[in-house]
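Written out below as structure tokens is the structure these notes cover.
Being a predicted model, the structure only gives us computed values, none of them experimental.
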Amino acid sequence: MPACRFALAVTLLSVTALSATAGDWPQFRGPNGAAVAADTGLPVKWSTTENVRWKIDLPGRGVGNPVIANGHVFLTASSGWQQDRLHVLCYDVADGKKRWERQFWATGNTTSHQKTCMAGPTPVTDGKNVYALFATGDLFALDADGNLLWYRALVRDYPDITNQVGMAASPVLWRDTLFVPMENAGDSFVAGLDVRDGTNRWKARRKKDIIWTTPLVVPNGDGADVLFLSSKDLTAFDAATGKKMWEITDKEMSPVSSVAAGKDGTVLVPGAEFLLLRPGGAKPEVVWKTNKLKNTTYASPLIYQNRIYNYSSIGLTCARAADGKVLWQQRLKGPFSSSPVGADGKVYCVNEEGTVFVLEAGDEAKVLGENAMGEVILATPAVADGAIFLRSDQHLYCIAEKTKDSVGTKAPIPRD
């Protein structure tokens, strides 16, 4: 059992009775990791003041997207000269008021590429609690009121973990198991942790490689498999036991872009060639493969309304999900690090300069809006409660159509 673990299991029994709902955005790329929201009435055009429900200052940088459940917005940040101060924050969806903030000192290495930071991974929430993994290997579980439930310093449990460019793979949840991807050039592994106290339920070794992909949970009968993508393989583990279920290998899979989930149970695997798989049985069916959707950015592809959207070197490419045939390409100014999001019949694309392109989802390219935020944005947008949440290096924006009940609130965070 890991030596460095601080558990407050008793506190779990008195957690506020909340649970994530269908309209929430609980993890990286939203419900089921699909980057698709059911919200309607979302704005097409806005500015830094128009159609802004609220805007708040942030205490540090972050690449992870905000996660939203039951009126709470959770996100992480890192600050300090050496990025050694780690922040977990919670805001009110309605007005941006800060509910709480918790700060911790990093225990692991804080070296990273200048584009990313220690708040690279996106936290995950089940509505009751929030689980925040940082690139330092520090992992925190807090309840909805900000009480610390347990903590693990993974680099103390496993001292050979190393990554000099920064980690960004995000944890995901299934029932009462938290899946933690720690694929790196040192002690490389993936693990399923008990959400009650952070102990390992299972741990599987992985090849030594620097990987930034977030796992994807797919149903399998009464249980589920959790898929981990690396540069050479896509491996499915039984979510409950960690038993390897199947593996597909390829010489040029993506170590950065994550697997995309389709509404029909298919999964899209990015790489030099894109694969559409239908999991099931001892090995998934390969529905089709194509080299027309080459992975050229940090972003993950999107499956939305039976079409695939993926960034190319010139902008956005749209293909049919049924067979991978390219339908159109639209020139958009890049580069793009955040992943596209589908909602309200539209596709939202955010480049690194903070310009949000809104395109109509369909068989023909049509740009509906172009909205310049004027700030660096690397985080994927979140969509919940009829609003779009944009996280830059300095601010968190809540973008929504103005109504009589809309509140334009700016709630700055005190800087300690």
Side-chain angles (χ1 to χ4, degrees), residues 7-39 53-54 62 64-76 87-102 119 121-133 139-151 170-180 192-198 201 214-219 223-224 226 239-240 261 341 343 379-389 391 396 398 400:
L8 298 176
V10 175
T11 311
L12 272 167
L13 301 178
S14 60
V15 173
T16 305
L18 298 173
S19 60
T21 61
D24 293 333
W25 195 269
Q27 65 172 63
F28 174 63
R29 303 181 76 236
N32 305 315
V36 173
D39 296 68
R53 183 185 292 173
W54 48 258
N65 65 240
V67 295
I68 298 132
N70 299 305
H72 298 70
V73 182
F74 304 101
L75 82 162
T76 58
H87 307 251
V88 184
L89 307 110
C90 178
Y91 305 98
D92 190 280
V93 167
D95 58 14
K97 180 179 179 181
K98 186 167 70 172
R99 290 174 178 260
W100 51 261
E101 177 182 2
R102 302 292 177 261
T122 293
V124 61
T125 181
D126 57 6
K128 297 184 300 182
N129 308 320
V130 60
Y131 304 89
L133 174 67
L139 175 61
F140 305 93
L142 302 103
D143 68 18
D145 296 319
N147 299 305
L148 181 65
L149 304 175
W150 52 262
Y151 158 70
S170 303
V172 297
L173 280 168
W174 176 74
R175 296 179 182 173
D176 55 359
T177 301
L178 177 70
F179 302 110
V180 177
L193 276 54
D194 191 323
V195 298
R196 295 172 297 182
D197 57 12
R201 287 188 163 172
T214 293
L216 179 72
V217 177
V218 295
V226 56
V341 168
T380 295
V383 180
D385 290 279
I388 304 163
F389 296 82
R391 190 259 175 81
L396 177 63
C398 179

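To the nearest 0.5 Å, atom OH of residue Tyr131 and atom CH2 of residue Trp150 are 7.0 Å apart. Once rounded to the nearest 0.5 Å, the distance linking CD of Glu101 with SG of Cys90 reads 11.0 Å. From Ile388, atom CD1 reaches atom CG of Asp39 across 9.0 Å, with rounding to the nearest 0.5 Å. The distance from the CG atom of Asp126 to the CZ atom of Arg175 is 14.5 Å, given to the nearest 0.5 Å. Residue Trp100 holds its CH2 atom at 5.0 Å from CG of Leu142, rounded to the nearest 0.5 Å. Between the CG atom of Asn129 and the CG atom of Leu149 there is a distance of 5.0 Å, given to the nearest 0.5 Å.
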Steps toward side-chain contact (heavy atoms from CB on, under 4.5 Å) verdict (Arg29, Leu216)
CA-CA 11 Å; Arg29 303 181 76 236; Leu216 179 72; over 6 Å; no

With side-chain contact (heavy atoms from CB on, under 4.5 Å) as the test, would you mind laying out the steps for Leu139 and Leu178 before giving the verdict?
CA-CA 11 Å; Leu139 175 61; Leu178 177 70; 4.2 Å; yes

Kindly indicate, with the supporting measurements, whether the criterion side-chain contact (heavy atoms from CB on, under 4.5 Å) is fulfilled by Phe140 and Val130.
CA-CA 8 Å; Phe140 305 93; Val130 60; over 6 Å; no

Should Arg53 and Val93 be marked as a side-chain contact (heavy atoms from CB on, under 4.5 Å) after you check the CA-CA gap, both sets of side-chain angles, and the distance that decides it?
CA-CA 10 Å; Arg53 183 185 292 173; Val93 167; 4.1 Å; yes

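With hydrogens and angles ignored, the 3.5 Å screen pairs no side-chain donor or acceptor of Thr177 with any backbone N or O of Gly192. Of the possible polar contacts, one joining the Arg391 side chain to the Gly64 backbone as a donor-acceptor pair under 3.5 Å is found.
Nearest approach of Val124 to Pro171, heavy atoms of both residues: CB-O, 3.7 Å. Shown here for Gly386 and Ala400, the closest heavy-atom pair between the two residues is O-CB, 3.8 Å. Closest non-hydrogen pair, Val341 versus Pro381, comes out as CG2-O, 3.7 Å. Across all non-hydrogen atoms, the minimal contact from Ser170 to Pro215 is O-CD, 3.4 Å. For Trp174 against Ala224, the heavy-atom pair with the smallest separation is NE1-CB, 3.4 Å. Between Arg102 and Asp145, the shortest heavy-atom contact is NH2-O, 3.5 Å.
Residues Arg99 and Asp92 have side chains in contact (heavy-atom distance under 4.5 Å, counting atoms from C-beta outward). At least one side-chain heavy atom of Pro66 sits less than 4.5 Å from a side-chain heavy atom of Leu396. For the pair Trp25/Val383, a side-chain contact is recorded, criterion being any heavy-atom separation below 4.5 Å from C-beta on.
Applying the ring-ring contact (aromatic ring centres under 6.0 Å, His included) rule to Phe28 yields no partners; only residues at least two apart in sequence or on another chain are considered. Partners of Asn32 under the side-chain hydrogen bond (donor to acceptor under 3.5 Å, both in side chains) rule, at least two apart in sequence or in another chain, do not exist in this structure.
A salt bridge is defined here as a Lys NZ or Arg NE, NH1 or NH2 lying under 4.0 Å from an Asp or Glu carboxylate O, and Asp95 with Lys97 fails to meet this definition.
Evaluated for a side chain to side chain contact (heavy atoms under 4.5 Å, CB included) with Val67, the options Leu75, Asp24, Thr125 yield exactly one hit, Thr125.
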